[in-house]
Amino acid sequence: MPELPDVEGFRRTLAEHGVGKPITGVTTLDAGVLRGVSARKLREVLRGRRFGEPRRLGKWLIVPVDGGPETVVLHFGMTGSLEWSGPDDRQRHDRVIFAFDDGELRYRDMRKLQGLRLLVDDAELHRLLAGTGPDALEVSQERFRELLGRRRGLKQLLTDQAVLAGLGNLLADEILWRARIDPHVRAADLDRGAADRVHREMRRVLREAVKAGRVPPRKTWLTGRRDEPSGSCPRCGCALARGRVGGRGTVWCPRCQAG
DNA sequence: GCCCGTGTTACTAC
DNA sequence: TGTAGTAACACGGG
């Protein structure tokens with residue numbers, strides 16, 4: 001699930017329920033999601049403290065611990081989420097639970113491809129995020145044009161977190177479909193009009209998805225059709241094409257996105 | 001058992 | 001140096 005809009009939704013969940021009140025307990029149900037920190041240290045550092053205002057960079061959720069200098073950083077991999085709930089509805093893939101007086105915040109993740117970090121100071125935080133590109137929602141049209149000036153495939157570039165942070169495989173397909181660009185093209189081959197079109201559609205898709213707190217499963221979106229066995233283009237009705245681009249499963253409309 | 005997958009990284013090779 | 005391809009991580013679904 002998690003691409004930029006989903007992580008933004010998790011950020012809001014945390015901001016609404018987890019900020020400014022004492023953390024009464026931290027329970028690690030599966031230490032396999034802890035990166036560079038033990039369950040014991042996580043609990044000892046956080047218990048009795050409070051989370052500050054969370055921020056997001058691409059798919060990273062960054063949560064300062066009130067009073068510093070520590071920061072909790074979460075990444076959700078392909079299957080992670082953050083849920084707010086009462087104490088009694090534990091689910092199978094809950095891995096870490098932050099308890100408060102009025103409920104629990106659960107880090108849930110089936111595949112454990114990523115996880116949760118406790119960074120002990122700002123230097124460590126900067127080191128972790130140093131290789132991350134600008135957030136896809138923040139990047140200007142001019143900066144975006146500059147980022148595209150490389151020989152690589154456009155789709156690979158859009159999903160490379162070191163270039164641009166926040167887009168995943170599904171969103172990249174959605175954006176290229178809207179911009180009517182063949183996913184196989186090289187980034188540097190786009191003319192200025194096409195590059196600006198990608199930037200505009202990227203912002204539209206992200207804004208709408210962020211509003212919904214996730215990528216909405218609408219049939220008018222490519223994403224809403226890609227799992228149908230014989231999916232058709234929501235715009236022109238022709239059969240969607242499937243293949244691999246940059247090593248990832250890719251869906252596009254062979255008519256609307258003709259190279 | 002087979003293949004696939006909303007993510008990332010390490011490694012190899014051109 | 002830049003780029004592409006592959007395997008690996010762990011788990012579930014078709």
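Residue numbers start from 1 in every chain, and the chains themselves are labelled A, B, ... in the order their sequence lines are given, proteins ahead of strands.
Rounded to an integer number of Å, the gap from CG of A:Leu167 to C1' of B:dT8 is 15 Å. If you take CG of A:Leu113 and P of C:dA8, they are 14 Å apart, rounded to a whole angstrom. Here the P atom of nucleotide C:dG2 and the CG atom of A:Leu157 are 13 Å apart, to the nearest Å. In this structure, A:Trp221 places its CH2 atom 14 Å from C1' of B:dT6, rounding to the nearest Å. For the pair A:Met78 CE and C:dA10 C1', the computed distance is 11 Å after rounding to whole Å. Per the geometry, NZ belonging to A:Lys155 stands 13 Å off P belonging to C:dG5, to the nearest Å. The nearest whole Å value for the distance from the CG atom in A:Leu148 to the P atom in C:dT3 is 12 Å. Note: CZ (A:Arg186) to C1' (C:dT3) measures 9 Å, nearest angstrom.
Side-chain nitrogen and oxygen atoms of A:His75 include at least one within less than 4.0 Å of the OP1 or OP2 phosphate oxygen of B:dT8. OP1 or OP2 of B:dT8 sits under 4.0 Å from a side-chain N or O of A:Gln161. The phosphate of C:dC11 has neither OP1 nor OP2 within less than 4.0 Å of any side-chain N or O from A:Arg92. For A:Arg214, no side-chain nitrogen or oxygen approaches OP1 or OP2 of B:dT6 to under 4.0 Å. Taking 4.0 angstrom as the limit, A:Lys112 places none of its side-chain polar atoms (N or O) nearer than this to OP1 or OP2 of C:dC9. Taking 4.0 angstrom as the limit, A:His93 places a side-chain polar atom (N or O) nearer than this to OP1 or OP2 of C:dG12. A close approach under 4.0 Å does occur between a side-chain nitrogen or oxygen of A:Arg152 and OP1 or OP2 of C:dA4. Distances shorter than 4.0 Å separate none of the side-chain N or O atoms of A:Arg242 from OP1 or OP2 on B:dC4. Note on A:Arg248: a side-chain N or O is less than 4.0 Å away from OP1 or OP2 of B:dG7.
Here B:dA10 sits opposite C:dT6 as a Watson-Crick or G-U wobble pair (both hydrogen-bonding atom distances under 3.5 Å).
No donor-acceptor contact under 3.5 angstrom links the side chains of A:Thr28 and A:Arg43, judged on distance only.
Both A:Phe51 and A:Leu116 are part of a single hydrophobic cluster, where members link through side-chain heavy atoms under 4.5 Å apart.
In this structure, A:Gly249 reaches the sugar-phosphate backbone alone: every heavy-atom distance under 4.0 Å involves primed, P, OP1 or OP2 atoms, never a base. Contact annotation for A:Gly247: no contact, since no heavy-atom pair falls under 4.0 Å across all strands. Using a 4.0 Å heavy-atom criterion, one finds that A:Gly32 contacts no nucleic acid atom at all. Using a 4.0 Å heavy-atom distance criterion, A:Arg244 is classed as a sugar-phosphate-only contact.
Of the possible polar contacts, one joining the A:Arg186 side chain to the A:Arg151 backbone as a donor-acceptor pair under 3.5 Å is found. Panel note: side chain A:Asn169, backbone A:Gly249; a donor-acceptor pair is recorded below 3.5 Å.
With a 4.5 Å cut-off on side-chain heavy atoms, A:His17 and A:Asp102 do not count as touching. Looking at heavy atoms from C-beta onward, A:Pro234 lies in side-chain contact with A:Trp177 at the 4.5 angstrom threshold.
The residue among A:Gln114 and A:Thr79 whose nearest nucleotide of DNA chain B lies closer to the 5′ end is A:Thr79.
Nucleotides B:dC2 and C:dA7 place their P atoms 15 Å apart, quoted to the nearest Å. Here the separation of B:dT8 from C:dT1, taken at their P atoms, is 24 Å to the nearest Å.
Checked options A:Leu119, A:Thr71, A:Leu118, A:Val73; the residue passing with A:Glu124 is A:Leu119 (criterion: side-chain contact (heavy atoms from CB on, under 4.5 Å)).
With C:dA10, B:dT6, B:dT8 as the candidates, the nucleotide lying closest to the side chain of A:Arg111 is C:dA10. Across B:dT6, C:dC11, C:dA10, the shortest atom-to-atom separation from the side chain of A:Met110 is found for C:dC11.
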